[in-house]
Amino acid sequence: MVRGKTEMRRIENAASRQVTFSKRRNGLLKKAYELSVLCDAEVALIVFSSRGRLYEFASSSIEKTRDRYLIRTKNVNIKPSTTSHNTQPEATNIMKKIKLIESHRRKLLGESLGSCSEEELQDLGNQLEESLKQIRKRKQSILFEQIANLKEKERGLLNENSALRGKLNGGRLLQFSTSEVAHDDQDAEGITEVETELTIGRPGTR
């Protein structure tokens with residue numbers, strides 16, 4: 001009995017689909033192994049089932065074969081002629097963008113306005129107004145920062161001045177205290193001299 005040709009379409013029955021997958025997967029892995037042994041070929045095979053299970057075969061290493069494949073395809077895809085042809089349009093586009101930017105800059109500076117329509121002039125005016133708002137906002141922020149820094153310096157100078165006054169007042173108090181002690185010592189010496197002149201005896205006997 002001749003086996004009929006299998007129609008190449010998705011098997012709707014889940015059980016039949018799983019059985020077919022298992023049989024053909026094993027056959028595919030076997031063929032890959034035979035090809036690597038008989039022909040001394042470097043073979044790598046990766047299969048994911050519909051449920052996400054991984055099946056693989058490699059005659060050497062999956063990673064090694066993958067890297068070799070990436071290097072090979074990269075060298076094939078990058079050709080000097082293709083690169084040169086692709087670079088020229090890119091350079092042309094860049095030059096066009098530069099010219100447009102230069103033209104827009106001149107118009108913002110008030111130059112080359114003769115070819116501008118009313119709508120373009122209105123758009124330029126709106127852009128300038130928005131730019132002025134941003135400039136004033138930034139300028140105000142800088143002024144506030146400067147004022148805060150000056151106030152901080154002022155507080156530092158006031159604290160330093162207060163500390164210097166404290167030291168100066170402390171020196172004056174120490175000077176006054178030293179003068180009073182010296183004056184008391186002089187009084188004590190005078191009293192001592194008077195006391196040394198006293199004698200013991202009846203009055204008028206001296």
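Positions are given from 1 along the sequence.
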Derivation of the side-chain contact (heavy atoms from CB on, under 4.5 Å) call for Glu154 and Glu152: CA-CA 5 Å; Glu154 181 183 10; Glu152 184 66 24; over 6 Å; no
Can you give the donor-acceptor pairs under 3.5 Å from side chains of residues 156-165 to other protein atoms, not counting sequence neighbours?
{"residue": "Asn159", "atom": "ND2", "partner": "Arg155", "partner atom": "O", "Å": "3.1"}

Verify same cluster id: Val19, Ile11 (apolar side-chain graph, 4.5 Å): no
Heavy-atom donor-acceptor pair, Thr65 side chain to Ile62 backbone, under 3.5 Å: no
Qualifying residues under salt bridge (Lys or Arg N to Asp or Glu O under 4.0 Å), relative to Glu119, sequence neighbours excluded: none
Donor-acceptor contact present, side-chain Ser22 to main-chain Gln18, <3.5 Å: yes
Connected via hydrophobic side-chain network under 4.5 Å: Ile46 and Leu29: no
With Glu42 via salt bridge (Lys or Arg N to Asp or Glu O under 4.0 Å) - residues at least two apart: Arg68
Under 3.5 Å: donor-acceptor pair, side chain of Ser36, backbone of Tyr33: yes
Residues in side chain to side chain contact (heavy atoms under 4.5 Å, CB included) contact with Leu38, at least two apart in sequence or another chain: Glu34
Approximate separation, where rounding is to 0.5 Å, of Ile71 CD1 and Arg66 CZ: 10.5 Å
Can you give each donor-acceptor pair under 3.5 Å made by side-chain atoms of residues 47-57, sequence neighbours left out, with the distance rounded to 0.1 Å?
{"residue": "Ser49", "atom": "OG", "partner": "Arg51", "partner atom": "N", "Å": "3.3"}
{"residue": "Ser49", "atom": "OG", "partner": "Gly52", "partner atom": "N", "Å": "3.4"}
{"residue": "Ser49", "atom": "OG", "partner": "Arg53", "partner atom": "N", "Å": "3.0"}
{"residue": "Tyr55", "atom": "OH", "partner": "Arg25", "partner atom": "NH1", "Å": "3.3"}

In residues 132-151, what donor-acceptor pairs under 3.5 Å come from side-chain atoms, sequence neighbours left out?
{"residue": "Gln134", "atom": "NE2", "partner": "Glu130", "partner atom": "OE2", "Å": "3.3"}
{"residue": "Asn149", "atom": "ND2", "partner": "Glu145", "partner atom": "O", "Å": "3.2"}

Linked, directly or transitively: Leu35 and Leu45 (ILVMFWY side chains, under 4.5 Å): yes
